[in-house]
Amino acid sequence: MSDVTKEIAKYILDKRLSVEDLERTLHIPKQKLMVNTKERLTAEEFLRLCAYLKIRPESYYPCVEGAGDRVAGKGKRNGIKK
């Protein structure tokens, strides 16, 4: 399973952003911003990163386990099964 912390760490790496600068600016431990991290971002840290990087938090929604079915339009919505 892919998780949001690792996905955003990959984004940071792909964009060649400085983990040290992000740590200093956002007060998020750089260990949480590395691709090989075992730690997870808190919701607050994730939202701060998204705001700072100008990315939409919901763009990471498919990374959440079980979310793919809802994103793809499967399952129930407003009591109506699609």
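Quick caveat: nothing in here was measured; it's all calculated off a predicted structure. Numbering starts at 1 and runs along the sequence shown.
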[atom1]/[X] to [atom2]/[Y] distance, rounded to the nearest 0.5 angstrom?
{"X": "I28", "Y": "Q31", "atom1": "CD1", "atom2": "CD", "value": "12.0 Å"}
{"X": "R24", "Y": "L22", "atom1": "CZ", "atom2": "CG", "value": "9.5 Å"}
{"X": "F46", "Y": "I8", "atom1": "CZ", "atom2": "CD1", "value": "5.0 Å"}
{"X": "E23", "Y": "S18", "atom1": "CD", "atom2": "OG", "value": "9.0 Å"}

Shared ILVMFWY cluster between I12 and L47, side chains joined below 4.5 angstrom?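 Linked, I12 and L47 end up in one cluster.
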
Find out if a path of hydrophobic residues (ILVMFWY) with successive side-chain heavy-atom gaps under 4.5 Å connects V4 to L26.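 Yes; L26 is reachable from V4 via cluster members.
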
Are [X] and [Y] close enough that some pair of their side-chain heavy atoms sits under 4.5 Å apart?
{"X": "K32", "Y": "L41", "answer": "yes"}
{"X": "H27", "Y": "R48", "answer": "yes"}
{"X": "T5", "Y": "E39", "answer": "no"}

From the options K10, K6, E7, select the one residue that forms a side chain to side chain contact (heavy atoms under 4.5 Å, CB included) with V35.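 Among the candidates, only K10 passes.
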
So, does T37 use its side chain to make a donor-acceptor pair with the main chain of M34 at under 3.5 Å?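 The answer is no, because no donor-acceptor pair under 3.5 Å joins these two groups.
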
Quick one, L53 with L17, criterion side chain to side chain contact (heavy atoms under 4.5 Å, CB included). Give me CA distance, side-chain angles, the key distance, then yes/no. CA-CA 10 Å; L53 299 173; L17 301 171; 3.5 Å; yes

Taking all atoms of both residues into account, what is the closest heavy-atom pair of P57 and C50, and its distance?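 Looks like CA-SG, 3.8 Å.
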
Derivation of the side chain to side chain contact (heavy atoms under 4.5 Å, CB included) call for L49 and L33: CA-CA 10 Å; L49 269 167; L33 305 173; 3.6 Å; yes

